[in-house]
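What follows is one structure encoded as structure tokens, with my remarks underneath.
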Protein chains: 2
Amino acid sequence: MTTEKLDAIDRKIIEVLQRDGRASNVELAAQIHLSAPQCFRRVKSLEERGVLRGYRALVAPQTLGLGVTAYVSLNIAGEAFDRVREVETLIRDFPEILECHTVSGDCDYLLKVVAQDLKSLSQFLTDRLMQIKGVDDVRSMICLEEIKPPSPLPVRD
Amino acid sequence: MTTEKLDAIDRKIIEVLQRDGRASNVELAAQIHLSAPQCFRRVKSLEERGVLRGYRALVAPQTLGLGVTAYVSLNIAGEAFDRVREVETLIRDFPEILECHTVSGDCDYLLKVVAQDLKSLSQFLTDRLMQIKGVDDVRSMICLEEIKPPSPLPVRD
DNA sequence: ACTGAAATCGCGTCAAC
DNA sequence: GTTGACGCGATTTCAGT
């Protein structure tokens with residue numbers, strides 16, 4: 001992914017597509033005051049350069065029966081540092097883990113997890129996550145209220 | 001949003017659109033072995049019922065000059081409980097705050113924040129967040145490595 | 001009532017200027 | 001960077017089950 005400069009038009013395209021990922025090419029072109037073929041080329045270029053990495057439908061988790069979201073922190077046990085890559089692969093393979101980063105601070109990993117309910121979350125944590133050799137100190141923060149929903153990245157003008 | 005049952009076809013549609021939010025109606029119809037008008041009606045219904053809440057382009061933050069992601073926890077000072085709604089409104093209005101939940105555990109709020117670099121994150125935390133009356137005990141976990149990128153919700157079959 | 005065939009209209013896409 | 005043309009897809013209507 002090249003980190004070359006995006007001009008004002010590129011940024012406007014990104015802004016619109018972050019809000020409406022299904023905007024048709026002509027809608028988009030109209031909004032940014034560009035001809036349709038121009039607009040089309042811009043979008044393709046942004047996709048090829050890896051700026052636009054894909055498009056996704058946003059789904060309400062509740063409607064899929066996923067009533068609980070939690071952030072879960074964990075560490076890798078000192079004696080298991082050689083198993084780090086293995087643990088990371090296992091983490092990636094759990095569909096209920098939506099996101100995972102290594103982070104600075106008191107814990108090594110921070111995960112975003114969804115589950116049907118508290119019972120099923122608890123089962124996931126104890127029967128799956130904590131069963132992984134090398135995983136230590138699992139702590140969870142259950143999401144109570146969504147104050148700000150997942151939002152588009154800010155686009156500097 | 002009605003929480004009525006989704007059948008196997010609905011779930012398949014959701015699965016595909018979570019992976020490719022720009023899939024055309026005919027592509028979608030072909031993948032789920034349905035006629036185009038049928039498929040179209042299903043999608044519209046899912047949108048109207050609030051199951052599909054929108055579509056979004058995924059953007060690589062680095063290409064927008066956003067080199068740093070962090071999770072930030074904070075509390076509301078004991079004497080400022082009456083200002084909670086006010087604080088939440090301020091939080092919602094910061095574009096660099098991508099997401100915010102109240103959570104169980106040691107902290108009250110957990111935020112996902114992006115910034116250009118560490119300096120700019122630090123400025124945001126000290127000059128913006130910590131300036132909010134009632135905000136207390138701001139701690140940040142800087143994301144070091146992305147182990148698993150934001151992923152679609154699991155769809156139970 | 002629900003399905004799919006068909007028909008229309010507009011858009012995506014490419015090529016030429 | 002714009003115009004024009006072609007073909008396909010989106011969307012509606014309608015007839016059949």
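Residue numbering restarts at 1 for every chain, and letters A, B, ... go by the order of the sequence lines. This one's a predicted model, so the numbers in the text were calculated from it and none came from an experiment.
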Rounded to whole angstrom units, what separation is found between the [atom1] atom of [X] and the [atom2] atom of [N]?
X: B/Asn25; N: C/dG4; atom1: CG; atom2: P; result: 13 Å
X: A/Ile32; N: D/dG1; atom1: CD1; atom2: P; result: 12 Å
X: B/Ile9; N: C/dT3; atom1: CD1; atom2: C1'; result: 12 Å
X: B/Phe40; N: C/dA5; atom1: CZ; atom2: P; result: 18 Å
X: A/Arg42; N: C/dG12; atom1: CZ; atom2: C1'; result: 19 Å
X: B/Glu47; N: D/dA10; atom1: CD; atom2: P; result: 13 Å
X: B/Arg22; N: C/dT13; atom1: CZ; atom2: C1'; result: 13 Å
X: A/Glu27; N: C/dC11; atom1: CD; atom2: C1'; result: 10 Å

* Please state whether the phosphate of D/dT2, meaning OP1 or OP2, lies under 4.0 angstrom from any side-chain nitrogen or oxygen of A/Ser35. => yes
Given [options], identify the nucleotide with an atom nearest to the side chain of [X].
X: B/Pro37; options: D/dT2, D/dA10, C/dA5; value: C/dA5
X: B/Gln38; options: D/dT3, C/dG4, D/dA10; value: C/dG4
X: A/Ser24; options: D/dT2, C/dG12, D/dG9; value: C/dG12

* Between B/Arg11 and B/Asp157, does at least one N-O distance fall below 4.0 Å, as a salt bridge requires? -> no
* At under 4.0 Å between heavy atoms, what does B/Arg41 touch on the DNA or RNA strands: base, sugar-phosphate, or nothing? -> base
* Residues in ring pair (Phe, Tyr, Trp, His ring centres under 6.0 Å) contact with B/Phe124, at least two apart in sequence or another chain -> B/Phe94
* Side chain A/Lys148, main chain B/Arg92, donor-acceptor under 3.5 Å -> yes
* Asked: Do the side chain of B/Asp136 and the main chain of B/Asn75 share a donor and acceptor less than 3.5 angstrom apart?
  -> no
